[in-house]
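In what follows, every heavy atom counts, from backbone to side chain, and hydrogens, waters and symmetry copies are set aside. Sequence lines set the chain letters: A, B, ... in the order given, protein chains first and strands last, and positions in each chain run from 1.
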Amino acid sequence: MKLWNFHGGLRLDGHKQDSTQLPPRTAALPARLVYPLPQRGGVLAQAQVAIGERVLKNQVIARDPLDQQPPLHAASSGFVVAIEALPLPHPSGLSDLCLVIETDGADEALACSGVEDFRQHPPAALRRLIHEAGIVGLGGAAFPTARKIAPGSRPIDTLILNGAECEPYITCDDSLLRHHAAAVLAGGAILRHILGAGRVWLAVENERTEALAALRSAQAGGTGDIEIVPVPTLYPTGGEKQLIQVLTGREVPNHGLPADIGVACLNVGTAAAVYRAVVHGQPLIERIVTVTGRGVREPRNFLARIGTPIADLIGQAGGYTEAAERLILGGPMMGHALPRDDLPLVKAANCLLIAGRGEFLAETRALPCIRCGACAEVCPIHLLPQQLYWYSRSGQLERAADHQLSACIECGCCDVACPSRIPLVQHFRAAKGLAAAKQREREHADHARQRHEARAARKAEEQRERAAAAQRRKANLDKAAAVKEALARAKQKRATKAPTPSPEPHPADSEASEP
Amino acid sequence: MRFATPPSPYLAPARHTPRIMAEVSLALVPGLAALVVQFGPGVLIQCLVALVAALLAEAAALRLRGRPSAATLWDGSAALTAVLLAVSLPPLAPVWVAGFGAVFAILVGKQLYGGLGHNPFNPAMVGYAVLLVSFPKPMTAWLAPLDLSAAPLGFAETWNAIFQRELPEGLGFDALTLATPLDSLKNPSASAAIPSVGAGWAWVNSGFLLGGLWLLGRKLIDWRIPVGFLGALSACALMAFLWDAAHPPTPLFHLFGGATMLGAFFIATDPVTAATTPKGRWIHGAGCGALVFAIRAYGGYPDGVAFAVLLMNLAAPTLDHYTRPRVYGT
């Protein structure tokens with residue numbers, strides 16, 4: 001199969017063996033499961049259960065009132081002990097409402113059943129099922145899967161299953177493919193049915209030989225029709241836009257979606273979750289997560305329940321080494337550092353990277369940019385990061401926008417290429433945030449202006465109405481007066497005709513004009 | 001446990017700016033060695049003078065601007081500027097020439113604009129240009145290459161010549177110096193001597209070419225600039241040569257004469273002052289090459305590298321603006 005290239009990219013030391021030496025393990029049932037209620041996009045899910053209530057495994061415990069985000073399910077049976085503000089797995093250390101379940105060890109589950117033959121079911125029904133199963137993208141962005149596979153402006157001709165796990169250290173998809181290849185392929189078949197996609201490609205980095213072998217042998221078992229494509233091991237091949245470009249040669253339009261070019265791209269973990277939801281009726285209550293880095297004794301992959309405290313997982317990986325110095329959620333390129341480990345595992349968490357001292361860059365002072373252009377050479381979006389840096393730092397947001405700041409995918413290639421160690425991505429995030437704030441401000445101002453104009457228009461209209469009413473009233477009044485006059489005239493005529501004397505001539509009589 | 005939360009990415013960059021400066025300086029060694037072999041130890045003394053002057057000027061400027069000085073002073077950029085200027089100077093130029101040039105380069109060419117990364121013009125060439133237009137006489141008095149020189153000077157004699165303007169008995173500066181081969185282009189009567197006079201310079205240029213190729217191999221400079229530079233210079237020289245073949249110089253003479261290789265690999269490629277986009281770098285390099293030819297063939301100065309680079313520095317922001325690559329998805 002012909003593959004295309006994207007511009008730039010980096011060859012990075014993958015460190016994938018670190019966490020694949022030991023076999024994956026199912027994490028132990030924790031004493032507490034914690035579910036943050038804030039969902040993607042600032043939505044706060046509403047608890048569906050009360051404090052003190054017993055919940056069963058697979059039971060819906062919280063739901064987005066607008067139903068934009070899929071519901072949350074309990075990962076084991078137990079009692080709801082609190083709905084309170086707890087720290088979220090976010091670098092800011094912010095707290096927000098979380099639902100806490102104390103597990104009872106029984107692991108008693110709600111019975112769930114899947115569909116017999118998904119081909120007999122219309123795509124809309126399957127999408128609903130996937131939504132109700134709480135499935136979001138497991139690649140890290142946690143976008144609701146049902147929305148991603150909803151019909152769009154044009155039909156989907158290509159479905160891409162993304163197994164190109166390009167960030168160093170992360171092996172959760174690799175582990176999934178090695179041990180559950182059939183589930184991924186079956187999920188791919190279901191997704192293809194829902195999307196009506198003509199072709200399905202499953203992309204895996206060519207260095208993941210065990211995963212490729214597992215996929216091929218699973219395919220020999222008869223879930224054909226999905227083409228397994230080894231792709232170059234080059235960061236960030238696993239980025240959605242880059243992978244689409246590598247496989248199809250097509251570019252997702254700036255500010256557009258893959259659906260705009262007839263492509264849907266889903267993580268392999270998501271496909272496996274879809275399979276389990278559709279065929280077995282299982283909601284998304286667990287995921288594979290990599291626990292790795294020099295700061296942990298036994299790096300490995302875990303199949304862990306969503307809601308498990310991070311510290312529990314690290315404990316099951318042998319605990320911290322003396323060198324442990326940083327806790328990163330995600331990989332070293334796009335992950336973010338967490339301030340503490342008493343935080344719950346969320347659906348989007350693919351990797352806990354516990355960095356040891358000296359494993360990563362210590363915070364150093366940046367040197368001046370010498371415009372060497374190394375950043376532009378590695379930028380997969382073909383941006384000019386040094387120009388963007390210049391504009392973002394000096395607050396020239398419009399020029400930064402003109403240089404397509406918004407197209408930056410924050411992959412971090414430029415940072416790692418920069419010999420002056422300038423934290424470029426950090427500057428770009430800040431500038432994007434500033435631009436978004438400005439945009440909101442502008443929108444607010446626009447709204448205010450529109451409101452003001454609407455009010456002014458309404459006032460003017462009311463005034464006009466009032467004036468018109470007054471006119472009408474006046475006209476009516478005039479008409480009434482004319483009628484009265486006419487009557488009076490007629491009366492007078494009759495009076496002059498009749499011998500009966502009139503008391504006095506009507507004073508208006510002489511001035512009366514025809515109406 | 002509690003952890004620090006610096007922003008991603010966390011991987012250490014492969015290169016560091018001070019190291020890049022050091023590697024570029026290292027790449028100057030073959031050319032510098034050829035200069036010393038051909039023109040004697042004066043070259044090294046000029047380097048020493050320029051280095052001391054540049055570092056003092058940099059330290060003073062950083063202090064006046066209230067900037068942290070230690071890291072910046074030793075990031076290698078001032079030293080590199082000093083060496084690039086020194087190798088452009090006549091080896092027996094009086095001490096104040098190199099001193100003044102280096103101080104001017106650092107203060108006016110670099111620090112007045114805000115220091116490393118902010119200067120629009122190549123500081124070494126700013127220093128060179130101000131010396132050339134202000135003091136044309138000492139700036140154009142080059143030593144004859146060693147194999148043409150009657151009495152090569154030793155280190156002590158060279159030192160005295162540079163610092164005291166004293167020469168051994170019976171020797172005058174006029175006897176030691178010679179117009180450069182490029183100079184003799186302006187003077188048709190001397191043109192017969194060109195091939196032999198060019199010989200020493202060919203070694204120097206080969207030295208800088210060697211260092212430049214190493215830089216290319218290490219990907220420390222963008223290949224488009226030297227290729228554009230040498231390509232445009234060769235094309236212009238070839239056209240002129242074909243037009244009037246009876247009159248040297250040949251394209252080869254242009255490529256291996258004067259500061260061609262130094263300019264193509266070390267001066268025009270200065271990232272701070274060159275264009276940064278791929279297409280912009282092509283135009284930048286080619287513009288330098290064409291201007292070098294124009295100045296050598298028609299201008300009033302013997303060599304055109306400094307002015308060619310400075311003129312293209314002027315154009316770099318505009319080039320960058322009009323040669324932006326197409327962004328993904330637009």
A:R429 and B:S8: CA distance, side-chain angles, deciding distance, side-chain hydrogen bond (donor to acceptor under 3.5 Å, both in side chains) verdict: CA-CA 11 Å; A:R429 285 188 193 123; B:S8 61; 2.9 Å; yes
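Put simply, NE2 on B:H16 and SG on A:C418 are 8.5 Å apart, with the number rounded to the nearest 0.5 Å. Distance check: B:L11 CG to A:L10 CG gives 9.0 Å after rounding to the nearest 0.5 Å.
Looking at A:A407, only its side chain comes within 4.5 Å of chain B, counting heavy atoms on both sides. The part of B:I20 that comes within reach of chain A is its side chain, from C-beta onward, which places non-hydrogen atoms under 4.5 angstrom from that chain. With a threshold of 4.5 angstrom between heavy atoms, A:I328 approaches chain B through side-chain atoms but not through N, CA, C or O. When heavy atoms are compared at a cutoff of 4.5 Å, A:Q404 approaches chain B solely by way of its side chain, counted from C-beta outward. When heavy atoms are compared at a cutoff of 4.5 Å, A:P339 approaches chain B by way of both its backbone and its side chain. Interface remark: A:D402 contributes backbone and side-chain atoms alike to the contact with chain B (heavy atom separation under 4.5 Å). Interface residue B:R326: backbone and side-chain heavy atoms are both found under 4.5 Å from chain A.
Ring to ring, A:Y320 and B:F3 are close: their centroids are under 6.0 angstrom apart.
Between A:E359 and B:Y10, every side-chain heavy-atom pair lies at or beyond the 4.5 Å cut-off.
B:R281 and A:C372 get closest at one heavy-atom pair: NH2-O, 2.9 Å. Taking each heavy atom of B:R324 and A:L384 in turn, the nearest pair found is CG-CD1, 3.8 Å. Here the shortest heavy-atom pairing between A:D415 and B:P13 reads O-CG, 3.8 Å.
There is no side-chain donor-acceptor pair under 3.5 Å between B:R15 and A:S420.
Between B:D270 and A:R371 there is no salt bridge, since no side-chain N of the basic residue sits under 4.0 Å from a carboxylate O of the acidic one.
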